[in-house]
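In the text below, chain A, chain B and the rest are named by the order of the sequence lines, each starting its count at 1. Hydrogens, waters and symmetry mates are skipped; everything else that's a heavy atom, side chains included, is used.
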Amino acid sequence: MKRALPIFAVLAALLVAIAVANPFFLEPAGFLAFVKRAAPLVILAAGQYFVIISGEFDLSVGSLVTVEVVVAARLIDGDEAATWPVLALVIVIGLLVGLVNGAVTTLLRVPSFITTLGMMLVLSGAVFLWTGGAPRGALSQAFRVFGRDTLWSTLILLAVGVAAVLIMRANFGRTLVATGDNERAAALSGVRVTRARILAFVISGLAAAVAGILLGGFAGVSAQVGQGLEFSAITAVVLGGVVLGGGRGSVVAAMAGALTLEALFTLLNLYGISGALEFTVQGVIIIAAVAAGAVRLPFSLTPRKGDAHVAS
Amino acid sequence: MNDNLRDAPSPENTAPAPGSVAPSSGSPVSRETSAGDSGRGLSSSSASPVSPKARGRLAGMNLGSTQVVYLALLATIVVGWILVAIDGGDLLTLETVVGVQQRSAALGIVAVGQTLAILAGSLDLSVAYLISLSSLVAAEIMAAGSVPGAVTAVIAVSVLVGLVNGVVITKLKVHAFIATLGVALIIKGVVDHLYDGPAGRVPESFQHLGYDRIGPVPVSALLWAAVAGAAWFLLTRTRYGYRVYAVGGDPDVARLSGVRTDRVVIVTHVLCSLCAGIAGLLLASRLGAGAPTVGTDGGYDLESIAAVVLGGTALAGGRGGVAGTVGGVLLLAVLDSVFNQLEVNSFFKDVVRGVVIVVAVAVYARRAGRKRP
């Protein structure tokens, strides 16, 4: 619990700072615009959380987002009637990629860093191979509404958040934490470690698919739409106090980490530190934030407590 | 190569349990790392399909994964040669061999540094941006007229970045993934802020490094060999090398055995960054200028990690060595060369590269896994 507190303090401070610099932020429309912009990263962070808490990495989510957007654009090609089948297909692709990541990592015992790095190369190569270098086609209006419309993206974000909390409070969540904390002990106490990890990757793939749908609507079709998102998502999760290597941290804090990252970008923009130096500031703050969290004594914390706190 | 070092104390391997730690520093550390590894290595070398002669030569040496890399390299060359021959070309011309050497040199140097970091249980995601930064620093100072000054400046910058990486990881206790990613972002911001495109100029005299050949061997390949040789020597013949394996194998045990683990990790990151700096110099001499995207375009961060793991070094640290990494880099380069000769679509190359990396590592994991009780 205490581990998760700093991120909420930092987030609150950042939100206040944004509100001071830009009073429009206090109005519902202004705040919801921020939420809409943050939604894809928060969803990705939630998905990444499941993988990280189980002791693994998922570096493929960025390229998976790109694949989803590019594939959707080419298949829909402006045809409204194709929206729903393609939406379903996009979800299936996400689940499938997660399944492959999970199976290769657990059954073939390849470190997830390498599995998902390979998947990243395969996905980005495959999508450009298929489109011949540049994305083609266009998304339909019905597809874009999820990312463009504030109400829709907020609702989706809420649904994902609630689902993530519920999953972590269910048996599966505890199984996952046990797996990440001590794989051997978990296996000896009857946890199906392999299945738990595969499911974590599937959830991450699903989250990437949803984030891709939102980003496609929000940012439009480009070959760069998912670039660097995997690192942002991992950073967000770690900012939320979740320990790389697994077993410690809450999913709400991980999502708060993503909001914090997004709030940071917003603030930097407001103060005119946009462009390249934004990366420098981001780098310093990430290191500082994680260092501040790490120098504290480690608290034993189950996500259950953290979630309960936030839910109350 | 370094594996023979870990097998040197192998007769006594049967005795120490993983928990038993003597208060003196040198030998228990090496025993500790070898104890965890020798079982895997011995049975893997007996399981691998090597000729009796080779096995005799390698008897007692724990060359398991290194062997596999070179066998895979050989297989890649043979298959590639056949495929190219069917296509009507010839893979093994002087031109392509030189090309492979030249193309692999920069990645090879970075990967050697990355090997050190990974062996120590860390990793470095900042190398790609450091390469870009080094190339710019080198070209800018060389444009002002001083080649030795440029080299000195690159070394200074690299050492500084390595120090920051190491200190943040050890003293601030930030996970290496986040620490080096953060440093990467910092460098990216500075480079992107200052430069929009290529800058500086590298004089003819320094371009010899990138283009000259001594007989069939490019100077850049010699540089790579020198860096790899130095790292191999450090890892297998010096106290520092023992400590790297100890820290990577189990930092707590290493600390209890009297190793100053923080210092080892910091030095390792400085050396890793130095390698990236050298690669930056090499790329600057090849391009004739510094470029703000030369490191990231080459994908040197993730690619170097992939090459290291392809070479049989465990991502968790403590097992592996430079020899495997050299094989891993060459394997990627040969693959690339074959694709170029076959004129394979560059996007398809990425797909195949991803699959090859995962499959290769899966093969190691299976071999290692079979030994588990």
List the atom of A/T280, the atom of B/G189, and the distance in Å for their closest heavy-atom pair. OG1-CA, 3.1 Å
Okay, B/L302 and chain A: the region with an atom under 4.5 Å from a heavy atom over there is both
Quick one: pull up CG in B/D350 and CE in A/M120 and give me the separation to the nearest 0.5 Å. 10.0 Å
Partner chain B: residue of A/G125, A/S124, A/G118 with the largest heavy-atom pair count (under 4.5 Å): A/G125
Looking at B/D192, B/V351, B/V352, which has the largest count of heavy-atom pairs under 4.5 Å with chain A? B/V351
Please classify the contact between A/I114 and chain B as side chain, backbone, both or neither, with a heavy-atom cut-off of under 4.5 Å. both
Between A/L59 and chain B, which part of the residue has a heavy atom less than 4.5 Å away: side chain, backbone, both or neither? side chain
Is there a side-chain contact between B/V358 and A/V104 (heavy atoms, below 4.5 Å)? yes
A/I286 CD1 to B/L185 CG distance, which is reported to the nearest 0.5 Å: 5.0 Å
For chain A, find which of B/V359, B/V356, B/L310, B/I305 contributes the most heavy-atom pairs closer than 4.5 angstrom. B/I305
Could you tell me which of A/L108, A/T115, A/L244 has the largest number of non-hydrogen atom pairs under 4.5 Å with chain B? A/L244
With side chains defined as the heavy atoms from C-beta onward, is the minimum distance between A/F113 and B/L123 less than 4.5 Å? yes
How long is the gap from CZ on A/F57 to CZ on B/F177, to the nearest 0.5 Å? 4.5 Å
Please round to the nearest 0.5 Å and tell me the distance separating atom CD1 of B/I178 and atom CD1 of A/I287. 9.0 Å
Whatever's closer than 4.5 Å to a heavy atom in chain B on A/V238 counts as side chain
For B/D196, does the CG atom have more than 12 heavy-atom neighbours from other residues, nucleotides or ligands under 6.0 Å away? no
What distance do A/L121 atom CG and B/K349 atom NZ have between them, rounded to the nearest 0.5 Å? 12.5 Å
Which answer fits B/V183, side chain, backbone, both or neither, if we ask what part of it has an atom under 4.5 Å from a heavy atom of chain A? both
Show, in sequence, the C-alpha distance, side-chain angles and deciding distance for A/L117 and B/I357, and conclude whether the side chain to side chain contact (heavy atoms under 4.5 Å, CB included) test is met. CA-CA 9 Å; A/L117 171 63; B/I357 290 171; 5.5 Å; no
Under a 4.5 Å cutoff for heavy-atom pairs, which residue among A/V110, A/T235, A/L129 has the most contacts with chain B? A/L129
Separation of B/L125 CG from A/F231 CZ (nearest 0.5 Å): 5.5 Å
Taking B/G299, B/G354, B/A314 one by one, which has the highest count of heavy-atom pairs under 4.5 Å against chain A? B/G354
Given heavy-atom pairs under 4.5 angstrom as the criterion, report whether the side chain, backbone, both or neither of B/V361 touches chain A. both
Given a strict heavy-atom distance threshold of 4.5 Å, which part of B/L194 is in contact with chain A: side chain, backbone, both, or neither? neither
